[in-house]
Participant: 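One structure, as structure tokens, below. Some questions next.
Not measured: the values here are computed from a predicted model. Atoms within each ligand, like the ligands themselves, are counted from 1 in listed order.
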Amino acid sequence: MTQTTVTLNNDVEMPLEGLGVFRVEDQAVAAQSVQAAIRAGYRLIDTAAIYQNEQGVGEGIKAACKETGLKREDLFITSKVWNADQGYASTLKAYQDSLDRLGLDYLDLYLIHWPVEGRYKETWRAMEHLYKEGKVRAIGVSNFQIHHLEDLLDGAEVVPVVNQVERHPRLTQQPLKDFSEAHGIRLEAWAPLMVGELLQDKTIGAIAEKYGKSAAQVILRWHIQGGVIAIPKSVNEDRIKENFAIFDFELTEADMAAINALNQDHRTGADPDNFDF
Ligand SMILES: NC(=O)C1=CN([C@@H]2O[C@H](COP(=O)(O)OP(=O)(O)OC[C@H]3O[C@@H](n4cnc5c(N)ncnc54)[C@H](OP(=O)(O)O)[C@@H]3O)[C@@H](O)[C@H]2O)C=CC1
Ligand SMILES: O=C1CO[C@H](CO)[C@@H](O)[C@@H]1O
């Protein structure tokens, strides 16, 4: 069993792997997936106001705690302020609305979902307020490029502890990773499996065969072994379990390098410098 958590820059422990729930709009399916994940050992759940499943996620958390005997504080719950809610007062309200839908009285991590030009610095002031008031354990950002981080850090009282960005072997984000690590900002990978598109890759397949693991497990191991938090999404209990069975093997330096070499700076999602939502 290798390391399963990391210590964020504000000393909060965060699991290295969690469950993502984007595109799970059905509240019952969201609840079942969250419950299956917690049953399988996951402690981190990644949702967002825009995913419209915070209510289902909250129900899954409650059911899983009842089933396993775990307490709320054993879990690490993330949500995000959506673009339309950016601004000081609207962010404070969005945070409370997320808590209400989740049925929780605090979040472990709250993120600015996208760097909306002209709004994200004011939004950050609200995030800092929530953090300083003890309403949230950690605050961070998502989809921020180096220039957004530089701008945010200029005048920030609290440094974000996490930047959640698209990352997978075709988009390794090395310059952003280096910049983030130099500033105590932990990278978190969304679409860690490239939304399933990378599972037929030959290089990854050959490595997977060597370890008797699946392609998904090798990719997820590559993320966490490189110190990057990964939040694969699945609504299938077998795949949820499969994705978590990555703490019992270690990739060699050569395997890590071979996967890093698959980078093509290829995005599946929106470009943070050019999005219009
Ligand atoms: N901050 C941001 O802007 C964004 C954040 N996110 C977050 O990141 C999470 C993960 O990203 P996501 O876009 O969902 O993509 P992922 O890379 O996690 O891929 C999810 C897809 O892969 C399939 N899958 C999962 N595990 C396996 C497996 N072991 N074998 C085969 N197929 C598998 C899933 O299908 P199935 O469910 O049927 O198993 C689903 O179709 C999101 O759920 C969300 O929480 C995502 C996008 C943007
Ligand atoms: O996390 C995400 C998924 O949902 C949004 C769209 O509906 C994306 O923009 C976002 O990055």
Side-chain angles (χ1 to χ4, degrees), residues 15-26 29-30 32-34 36-37 40 42 44-54 56-57 60 76-86 98 102 107 109-116 120 140-145 148 160 162-171 173 176 186-201 204-205 208 213-224 228-246 266-277:
L16 267 166
E17 191 184 8
L19 181 78
V21 293
F22 175 37
R23 294 194 191 90
V24 189
E25 278 97 22
D26 183 305
V29 175
Q32 284 155 17
S33 308
V34 167
Y42 291 65
L44 160 63
I45 308 294
D46 182 87
T47 186
I50 195 71
Y51 302 168
Q52 297 187 11
N53 57 21
E54 289 174 311
V57 168
F76 191 106
I77 311 300
T78 303
S79 193
K80 316 181 189 93
V81 55
W82 185 241
N83 302 349
D85 289 323
Q86 288 204 31
S98 280
L102 283 157
L107 288 183
L109 178 64
Y110 198 43
L111 303 175
I112 299 184
H113 209 139
W114 286 87
V116 176
Y120 63 75
V141 294
S142 177
N143 299 303
F144 274 48
Q145 307 269 55
H148 297 120
V162 166
N163 185 15
Q164 182 185 112
V165 296
E166 181 179 348
R167 183 181 192 262
H168 41 68
R170 291 270 156 74
L171 180 68
Q173 301 270 25
L176 183 60
R186 179 69 62 163
L187 219 60
E188 182 177 20
W190 66 253
L193 302 173
M194 202 178 160
V195 203
E197 278 179 55
L198 264 175
L199 302 178
Q200 309 306 326
D201 181 88
I204 292 167
K213 288 285 182 181
S214 69
Q217 289 169 329
V218 165
I219 296 169
L220 294 168
R221 179 72 210 178
W222 166 79
H223 283 289
I224 67 155
V228 177
I229 297 154
I231 43 169
K233 171 261 175 187
S234 183
V235 291
N236 173 287
E237 185 153 11
D238 289 340
R239 290 193 285 278
I240 287 173
K241 283 189 201 154
E242 173 189 334
N243 291 346
F244 203 69
I246 61 168
H266 175 78
R267 288 185 189 279
T268 62
D271 182 341
D273 282 321
N274 186 23
F275 65 95
D276 63 355
F277 42 75

Participant: Applying the side chain to side chain contact (heavy atoms under 4.5 Å, CB included) test to His168, which of Val195, Leu193, Thr268 qualifies?
Facilitator: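 Checked Val195, Leu193, Thr268 against His168; only one passes side chain to side chain contact (heavy atoms under 4.5 Å, CB included): Thr268.
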Participant: Quick check: does any side chain N or O of Asn53 sit under 3.5 Å from a backbone N or O of Asp26, one acting as donor and the other as acceptor?
Facilitator: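 A pair under 3.5 Å: no.
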Participant: Kindly say whether Ala189 contributes a backbone atom to a donor-acceptor pair with the side chain of Gln164 at under 3.5 angstrom?
Facilitator: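 Pair absent, no side-chain N/O of Gln164 close to backbone of Ala189.
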Participant: Please tabulate protein-ligand N/O pairs under 3.5 Å for ligand 2, atom names and distances to 0.1 Å.
Facilitator:
{"from": "ligand 2", "atom 1": "1 (O)", "to": "Tyr51", "atom 2": "OH", "distance (Å)": "2.6"}
{"from": "ligand 2", "atom 1": "1 (O)", "to": "His113", "atom 2": "NE2", "distance (Å)": "2.8"}
{"from": "ligand 2", "atom 1": "9 (O)", "to": "Trp114", "atom 2": "NE1", "distance (Å)": "3.4"}
{"from": "ligand 2", "atom 1": "11 (O)", "to": "Trp114", "atom 2": "NE1", "distance (Å)": "3.0"}

Participant: When you look for protein heavy atoms under 4.0 Å from ligand 1, which residues do they belong to?
Facilitator: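 Residues Gly20, Val21, Phe22, Arg23, Asp46, Tyr51, Lys80, His113, Trp114, Ser142, Asn143, Gln164, Trp190, Ala191, Pro192, Leu193, Met194, Val195, Gly196, Leu199, Ala216, Ile231, Pro232, Lys233, Ser234, Val235, Arg239, Glu242, Asn243 each place a heavy atom under 4.0 Å from ligand 1, listed by chain and number.
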Participant: Has Gln145 got a side-chain atom pairing as donor or acceptor with Asp273's backbone, closer than 3.5 angstrom?
Facilitator: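 Looks like no, no N/O pair under 3.5 Å.
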Participant: Taking the side chain as C-beta and beyond, is there a heavy-atom pair between Leu187 and Ile229 under 4.5 Å?
Facilitator: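 Result no, sub-4.5 Å side-chain heavy-atom pair not found.
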Participant: What pairs with Tyr42 under ring pair (Phe, Tyr, Trp, His ring centres under 6.0 Å), at least two apart in sequence or on another chain?
Facilitator: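 By the ring pair (Phe, Tyr, Trp, His ring centres under 6.0 Å) rule, Tyr42 matches Phe244.
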Participant: Got a donor-acceptor contact below 3.5 angstrom from the Glu166 side chain to the Gln173 backbone?
Facilitator: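 Such a contact is absent between Glu166 side chain and Gln173 backbone.
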Participant: Return the orientation label for the Trp82 and Phe277 ring planes: parallel under 30°, perpendicular over 60°, tilted otherwise.
Facilitator: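 Judged by the thresholds at 30° and 60°, the geometry between Trp82 and Phe277 is parallel.
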Participant: How would you list, by chain and number, every residue that makes a ring pair (Phe, Tyr, Trp, His ring centres under 6.0 Å) with Tyr120, sequence neighbours excluded?
Facilitator: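 Here the qualifying residues are Phe144, His148.
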